[in-house]
K.L.:
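I have a structure I would like to understand better, so I am pasting it below and will then ask my questions one at a time.
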Amino acid sequence: MSPRQVKVVRSLAQLREVVRGWRGAGDRVGLVPTMGALHEGHLSLVRLAKAKSGRTVVSIFVNPTQFAPHEDFTRYPRDEAGDRAKLASVDCDLVWAPDLAEMYPTGHATSVVPKGAAEGLESAHRPSFFVGVATVCTKLFTQVAPDLAVFGEKDYQQLCVIRQVVRDLDLPIEIVGHPTVRESDGLAMSSRNAYLTGEERALAPLIHQVLLETAASVLDGVRIQEATRRGRDRLAAAGFRVDYLELREAGTLAPVEDESKRPLRALVAAWLGKTRLIDNIAVS
Ligand code: AMP
């Protein structure tokens with residue numbers, strides 16, 4: 001563990017004071033929004049932010065508005081001390097960890113409602129998810145006022161939605177995507193992997209395997225509908241409950257009308273027991 005402790009601020013006034021000081025010194029500022037329970041995937045995002053800007057803020061906020069009432073908000077893993085130690089090891093400059101009342105003071109009643117890239121996929125199963133994500137990220141952007149923000153391709157639809165929000169609302173922020181960081185067996189790293197039992201963890205890499213097979217089939221000329229049906233069947237046969245396995249246009253996430261169009265993206269969400277896993281890859 002690094003002996004250096006990363007400074008944590010919990011009030012917007014403190015945050016703005018620190019960032020103002022950096023700006024006064026001419027530093028560029030990068031932001032990495034997270035919900036904590038950090039792993040190597042998150043740390044890679046911080047390294048990239050750090051390489052692209054002099055100062056890096058990591059926000060840690062488990063955002064209740066992106067969880068439906070039956071979802072895992074209360075049991076979502078939280079480990080601020082562990083997160084701070086990990087962030088010290090990658091030279092993070094500041095942790096922004098507002099509490100609920102600081103983020104959503106009494107009377108908070110404004111939301112950002114994205115359409116376009118937010119339609120279908122996750123939204124078909126988590127209808128208010130992207131309203132929660134777009135609203136909290138817009139708030140984080142205006143709170144930190146960074147030059148750039150780094151998001152993982154692990155949450156590919158989220159990355160597309162955030163790019164769209166920034167473009168549509170003319171926010172002066174560069175959005176940088178980072179490739180998905182995987183375990184050695186292909187499973188995408190995720191804070192939620194901690195929920196998996198030993199047996200489920202052994203099965204979980206199949207989700208990446210099926211994405212690779214589906215992409216390869218489509219590139220071999222198999223029709224998208226047939227390739228994705230095979231993939232869904234393979235996951236279901238192994239014990240997954242599939243929410244979706246789809247191919248979309250990579251930039252806009254529009255449904256594929258013309259099967260010869262490239263680049264495409266294959267995206268999947270499936271349950272293993274009580275854990276919902278998502279993943280995606282490029283089809284090109
Ligand atoms: P989360 O804390 O899960 O909301 O994620 C915070 C950020 O880290 C998001 O931009 C995620 O896409 C990104 N992220 C999470 N897991 C990974 C991963 N395995 N590889 C790359 N980025 C990731």
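We count ligands from 1, going down the list as the structure has it; atoms in each ligand are counted the same way. Fair warning: this is a prediction, and the values are worked out from it, not measured in the lab.
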K.L.:
What is the closest protein heavy atom to atom 20 (N) of ligand 1, and at what distance does it sit?
P.N.:
Val181 N, 2.8 Å
K.L.:
What protein heavy atom is closest to atom 16 (N) of ligand 1, reported as residue, atom name and distance in Å?
P.N.:
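Of the protein heavy atoms, His39 CE1, 3.2 Å lies nearest.
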K.L.:
Should the pair Asp93-Lys50 be classified as a salt bridge under the 4.0 Å nitrogen-to-oxygen rule?
P.N.:
yes
K.L.:
If we set the cut-off at 4.0 Å for heavy atoms, which region of Val32 has an atom near ligand 1: side chain, backbone, both, or neither?
P.N.:
neither
K.L.:
Quick one: is the NZ or CZ of Arg78 closer than 6.0 Å to the six-membered ring centre of Phe73, and within 45° of its axis?
P.N.:
yes
K.L.:
Mind checking whether Pro33 has a heavy atom under 4.0 Å from ligand 1?
P.N.:
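Contact present.
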K.L.:
If we only consider heavy atoms of Arg182, is any one of them less than 4.0 Å away from an atom in ligand 1?
P.N.:
no
K.L.:
Within 45° of the ring axis of Tyr195 and under 6.0 Å from its six-membered ring centre, is that where the NZ or CZ of Arg75 lies?
P.N.:
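Yes, a cation-pi geometry.
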K.L.:
Applying salt bridge (Lys or Arg N to Asp or Glu O under 4.0 Å) to Arg10 and Glu102, what does each step give before you reach the verdict?
P.N.:
CA-CA 8 Å; Arg10 300 185 197 280; Glu102 188 71 4; over 6 Å; no
K.L.:
Considering only non-hydrogen protein atoms, determine which one is nearest to atom 1 (P) of ligand 1 and report residue, atom name and distance to 0.1 Å.
P.N.:
His42 NE2, 3.6 Å
K.L.:
Indicate yes or no for a side-chain donor-acceptor contact from Thr135 to the backbone of Val112 under 3.5 Å, with no hydrogens or angles considered.
P.N.:
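Yes; at least one donor-acceptor contact below 3.5 Å.
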K.L.:
May I ask you to check whether Met189 has an N/O atom sitting below 3.5 Å from an N/O atom of ligand 1?
P.N.:
yes
K.L.:
For atom 10 (O) of ligand 1, find the nearest protein heavy atom and state the residue, atom name and distance (0.1 Å precision).
P.N.:
Gly152 N, 2.9 Å
K.L.:
Among all protein heavy atoms, pick the one closest to atom 23 (C) of ligand 1 and tell me residue, atom and distance.
P.N.:
Lys154 CB, 3.8 Å
K.L.:
Can you tell me the protein heavy atom closest to atom 13 (C) of ligand 1 and the distance?
P.N.:
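Checked against all protein heavy atoms, atom 13 (C) of ligand 1 sits closest to Leu45 CD2, 3.6 Å.
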K.L.:
Does Arg182 come within less than 4.0 Å of Asp279, counting only side-chain N to carboxylate O?
P.N.:
yes
K.L.:
Could you check whether the rings of Tyr104 and Phe61 sit parallel, tilted or perpendicular, using 30° and 60° as the cut-offs?
P.N.:
tilted
K.L.:
Which residue owns the protein heavy atom closest to atom 11 (C) of ligand 1, what's the atom, and how far is it?
P.N.:
Asp155 OD2, 3.0 Å
K.L.:
If you measure only the distance, is there a donor-acceptor pair under 3.5 Å linking the side chains of Glu122 and Tyr244?
P.N.:
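Result is yes, a qualifying pair exists.
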K.L.:
Can you report which non-hydrogen protein atom sits closest to atom 4 (O) of ligand 1, along with the distance?
P.N.:
Met35 CG, 3.7 Å
K.L.:
Does any N or O in the side chain of Tyr156 come within less than 3.5 Å of the main-chain N or O of Leu253, such that one atom is a donor and the other an acceptor?
P.N.:
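Side chain of Tyr156 to backbone of Leu253, a donor-acceptor pair under 3.5 Å: no, none is there.
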K.L.:
Within the 4.0 Å heavy-atom shell around Phe151, which atoms of ligand 1 are there?
P.N.:
10 (O)
K.L.:
Backbone N or O of Val29 within a donor-acceptor pair of the Ser53 side chain at under 3.5 Å?
P.N.:
no
K.L.:
Closer than 4.0 Å to some heavy atom of Thr180 - which atoms of ligand 1 meet that?
P.N.:
20 (N), 21 (C)
K.L.:
When you look for heavy atoms under 4.0 Å from ligand 1, do you find them on the side chain of Pro179, its backbone, both, or neither?
P.N.:
backbone
